Amino acid sequence: MKIKERILEMVQKRESDLPTLPAVVDNLIRAASDEKTTTEALAKIISYDLGMTNKLLKLANSIYYAQKNKVDTVKRAISVIGFDEIIAIALGMGILSSVSEISGLSLDMKALWMHGIGVATASKQIAKQTHPGIAGKIFIPALLHDMGKVIFSIYFKKEYNEVRQYALENRRPLYLSENSLFKLDHAALSALLMTRWNFPASIILPCRFHHAPESAPVKYRHHAMIINLADYLTQKAQLGHSGNPVPVTIKNAPQKIGINESAMMKIIELLKAQEPQIKEFFKITTAVN
């Protein structure tokens with residue numbers, strides 16, 4: 001059976017070897033799907049997980065957010081970090097915790113998470129400049145856009161090492177190499193996983209099309225385009241590692257998004273300047289409870 005068929009079977013089977021997400025993550029996905037979710041309701045969901053609560057409070061008090069007064073409640077942490085941002089970070093930590101004990105992976109999960117933090121940070125900056133209305137919503141899919149690579153690394157270690165070697169030797173972007181050898185890339189796999197886990201379309205579709213944003217449904221095209229460019233800028237800033245040997249963005253991406261060369265350079269410089277804060281963010285969110 002080919003890799004693609006094996007993956008499709010694994011994702012679609014009711015009883016699967018896929019990681020079981022912590023209960024708090026299921027509740028967070030429901031919260032992300034419901035526009036009526038209040039700050040109080042979100043704080044209550046998070047508070048049920050002591051480890052997650054402690055990390056988010058530490059994060060709200062970290063140099064990344066630079067608060068003058070101590071943040072000592074989850075509700076206050078939500079106001080400091082941001083409603084959608086805290087959902088994204090909590091989801092990411094929950095998913096990361098479900099795979100962190102697995103050894104011998106073909107990708108460094110912590111470097112991938114660091115890359116995700118960079119992409120989320122850059123995406124928010126680009127959105128603020130080009131489409132302020134989605135600046136909050138972009139953080140979740142931007143942080144989680146490479147989730148498919150996690151599954152490739154866990155369940156197809158040998159084969160994925162071969163894909164990465166092929167990409168490196170041929171100087172080809174990783175997603176194109178995945179399609180060449182697997183007939184499926186990590187963006188498509190991310191969407192399959194997110195669909196299985198009942199993520200909303202507002203998260204699934206920007207992730208699914210972040211390497212082909214012009215094919216995205218119109219409603220989420222700008223989201224996908226921003227993540228595509230932010231992914232490229234984060235690799236240029238050398239923050240974390242996505243496993244991709246060739247940073248690439250779609251043709252004329254800046255013009256299509258509405259951002260100029262100078263603004264792009266400023267975002268790269270911002271990412272480099274924020275590296276200590278992003279590393280602190282990374283350290284807190286990946287710490288073992």
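Just so it is clear, the structure is predicted and the values come from calculations on it, not from any experiment.
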*asked:* Students often mix this up, so state it plainly: with edges at 30° and 60°, are the rings of H210 and H186 parallel, tilted or perpendicular?
replied: tilted

*Roughly how far, to the nearest 0.5 Å, is the NZ atom of K2 from the CG atom of L8?*
12.5 Å

_How close do L184 and F152 get, counting heavy atoms only, and between which atoms?_
O-CZ, 3.8 Å

*Is it possible for you to say whether I78 and Y48 belong to one hydrophobic cluster, with membership spreading through side-chain heavy-atom contacts below 4.5 Å?*
no

*asked:* Before you tell me yes or no, could you show the steps for F199 and I204 under side-chain contact (heavy atoms from CB on, under 4.5 Å), namely the whole-Å CA-CA distance, both residues' side-chain angles and the distance that decides it to 0.1 Å?
replied: CA-CA 7 Å; F199 277 62; I204 296 171; 3.8 Å; yes

*Inspect the contact between K75 and E40 and indicate whether a charged nitrogen and a carboxylate oxygen are less than 4.0 angstrom apart.*
yes

_Are more than 12 heavy atoms, taken from residues, nucleotides or ligands other than K256, located less than 6.0 Å from that residue's NZ atom?_
yes

*Going by distance alone, is a donor N or O of one side chain under 3.5 Å from an acceptor N or O of the other, for N27 and R30?*
yes

*Is there a chain of hydrophobic side chains (I, L, V, M, F, W, Y, each step under 4.5 Å between heavy atoms) that links L233 to L112?*
yes

*Spell out, yes or no, whether L270 and I117 are grouped together once hydrophobic residues are joined by side-chain heavy atoms under 4.5 Å, including indirect joins.*
no

*Does A216 offer a backbone N or O that forms a donor-acceptor pair with the side chain of R221 under 3.5 Å?*
yes

*Roughly how far, to the nearest 0.5 Å, is CD1 of I278 from CG of L239?*
5.0 Å

*Kindly work out whether a path of hydrophobic side-chain contacts (I/L/V/M/F/W/Y, heavy atoms less than 4.5 Å apart) joins I268 to I259.*
yes

*asked:* Could you check whether T121 and Y64, counting side-chain N and O atoms only, form a donor-acceptor pair closer than 3.5 Å?
replied: yes

*Walk me through it: do F282 and E275 pass the test side-chain contact (heavy atoms from CB on, under 4.5 Å)?*
CA-CA 10 Å; F282 163 78; E275 188 170 357; over 6 Å; no

*Are H223 and H145 close enough, and set up right, to give a ring pair (Phe, Tyr, Trp, His ring centres under 6.0 Å), and what steps lead you there?*
CA-CA 11 Å; H223 301 63; H145 72 283; over 10 Å; no

*Under 4.5 Å between any side-chain heavy atoms of P213 and Y220, yes or no?*
no

_Euclidean distance, T249 OG1 relative to N228 CG, rounded to 0.5 Å_ = 3.5 Å

*Min side-chain heavy-atom separation I46-V24 under 4.5 Å*: no

*Enter the distance from Q67:CD to I81:CD1 here, rounded to the nearest 0.5 Å.*
9.5 Å

*Derivation and outcome, side chain to side chain donor-acceptor pair (under 3.5 Å), residues E178 and Y160*: CA-CA 8 Å; E178 291 163 353; Y160 203 47; 2.5 Å; yes

*Mind running side-chain contact (heavy atoms from CB on, under 4.5 Å) on M10 and I151 for me, showing each step along the way?*
CA-CA 11 Å; M10 182 172 66; I151 300 304; 3.8 Å; yes

*Are any non-hydrogen side-chain atoms of I267 and Q129 less than 4.5 angstrom apart?*
yes

*Does NZ belonging to K124 count more than 12 external heavy atoms closer than 6.0 Å?*
yes

*asked:* Let me confirm one number: the CG-CD1 distance from L229 to I126, rounded to the nearest 0.5 Å.
replied: 4.0 Å

*Do side-chain atoms of R196 reach the backbone of V11 as a donor and acceptor pair under 3.5 angstrom?*
yes

*Same cluster for L174 and I154 if Ile/Leu/Val/Met/Phe/Trp/Tyr side chains link at under 4.5 Å?*
yes

*Heavy-atom count around N252 CG within 6.0 Å, excluding the residue itself: above 12?*
yes

*Do you know the tightest heavy-atom contact between D146 and S190?*
C-OG, 4.0 Å

*Please check if atom CD in Q238 has more than 12 non-hydrogen atoms from other residues, nucleotides or ligands closer than 6.0 Å.*
no

_Under a plain distance cut-off of 3.5 Å, with no hydrogens placed, do Q235 and D231 share a side-chain donor-acceptor pair?_
yes

_Heavy-atom check, side chain of K55 versus side chain of I89, under 4.5 Å_ = no

*How far apart are the closest heavy atoms of I138 and I227, and which atoms are they?*
CD1-CG1, 4.0 Å

*State whether the number of non-hydrogen atoms from other residues, nucleotides or ligands found under 6.0 Å of Q255 atom CD is greater than 12.*
yes

*asked:* If the threshold is 4.0 Å, N to carboxylate O, is there a salt bridge linking E159 and R6?
replied: yes

*Would you confirm whether S47, through its side chain, and V74, through its main-chain N or O, come within 3.5 Å as a donor-acceptor pair?*
no

*asked:* Has N61 got a side-chain atom pairing as donor or acceptor with V71's backbone, closer than 3.5 angstrom?
replied: yes

*Could you check if a side-chain atom of C207 sits within less than 4.5 angstrom of a side-chain atom of M194, using non-hydrogen atoms only?*
yes

*asked:* Counting C-beta onward and ignoring hydrogens, is there a side-chain heavy-atom pair between I29 and S33 closer than 4.5 Å?
replied: yes

*Decide yes or no for H222 and T130: does some side-chain heavy atom of the first lie under 4.5 Å from some side-chain heavy atom of the second?*
yes

*How close do G136 and E85 get, heavy atom to heavy atom, and via which atoms?*
CA-OE2, 4.2 Å

*Identify the heavy atoms of Y166 and N170 that sit nearest to each other, and give their distance.*
O-ND2, 2.8 Å

*Any side-chain heavy-atom pair of V80 and R76 under 4.5 Å*: yes

*Verify, without hydrogens or angle tests, whether S62 (side chain) and L59 (backbone) share a donor-acceptor contact under 3.5 angstrom.*
yes

*Full working for side-chain contact (heavy atoms from CB on, under 4.5 Å) between F182 and L189*: CA-CA 11 Å; F182 288 174; L189 179 51; over 6 Å; no

*What's the spacing between N161 CG and R164 CZ if we round to 0.5 Å?*
7.0 Å

*What heavy-atom pair brings N244 and R172 nearest, and what distance separates the two atoms?*
OD1-O, 4.3 Å

